Amino acid sequence: MASLLKTLAKQSSGLVGSSTPTATRNFSLVSSQISQHTAKWMQDTTKKSPMELINEIPPIKVEGRIAACEGDTNPALGHPIEFICLDLKEPAVCKYCGLRFVQDHHH
């Protein structure tokens with residue numbers, strides 16, 4: 001992440017009216033806010049992290065080879081639709097919400 005901040009600071013130094021120290025200070029502020037946000041999930045061990053909660057949901061069985069995930073039945077609460085190929089044996093994971101899908105084989 002530090003190298004990303006340095007790269008962004010270098011790119012912004014060529015802008016009119018900007019200087020590298022100011023740009024670096026702004027990126028450091030963002031980095032600090034991100035780490036504080038993430039730290040709140042790591043401090044309280046009595047609560048489960050969002051990924052632990054989503055992993056408790058069993059894989060969703062789908063008829064056919066393609067699953068369509070929108071994250072929620074309500075479009076206002078979901079994410080952009082993702083079509084997921086289910087050709088592999090292990091569950092396929094939605095890149096937006098982490099829900100897992102498997103192909104339901106009927107014999």
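From a predicted model like this one, the values you see are computed outputs, not experimental measurements.
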For the student: nearest non-hydrogen atoms of [X] and [Y], plus distance:
X     : Y     : value
Ile66 : Cys85 : CD1-CA, 4.0 Å
Glu52 : Lys47 : OE1-O, 4.5 Å
Leu86 : Gly64 : CD1-O, 4.1 Å
Cys97 : His79 : SG-NE2, 3.4 Å

Rounded to the nearest 0.5 Å, the CD atom of Glu63 sits from the CD atom of Gln103 at a distance of 10.0 Å
Output for pair (Leu99 CG, Glu82 CD), nearest 0.5 Å, gives 10.5 Å
Shared hydrophobic cluster, Val62 / Ile84 (ILVMFWY, side-chain heavy atoms < 4.5 Å): yes
Notebook entry, point to check: Given the rule that I, L, V, M, F, W and Y join up when any side-chain heavy atoms are under 4.5 Å apart, are Val93 and Met51 in one cluster?
Noted result: no
### Query
So, do Phe101 and Pro59 sit near enough that their side-chain heavy atoms are less than 4.5 Å apart?
no
Exercise. Spell out, as yes or no, whether a donor-acceptor pair under 3.5 Å connects the side chain of Arg100 to the backbone of Ile54.
Key: no
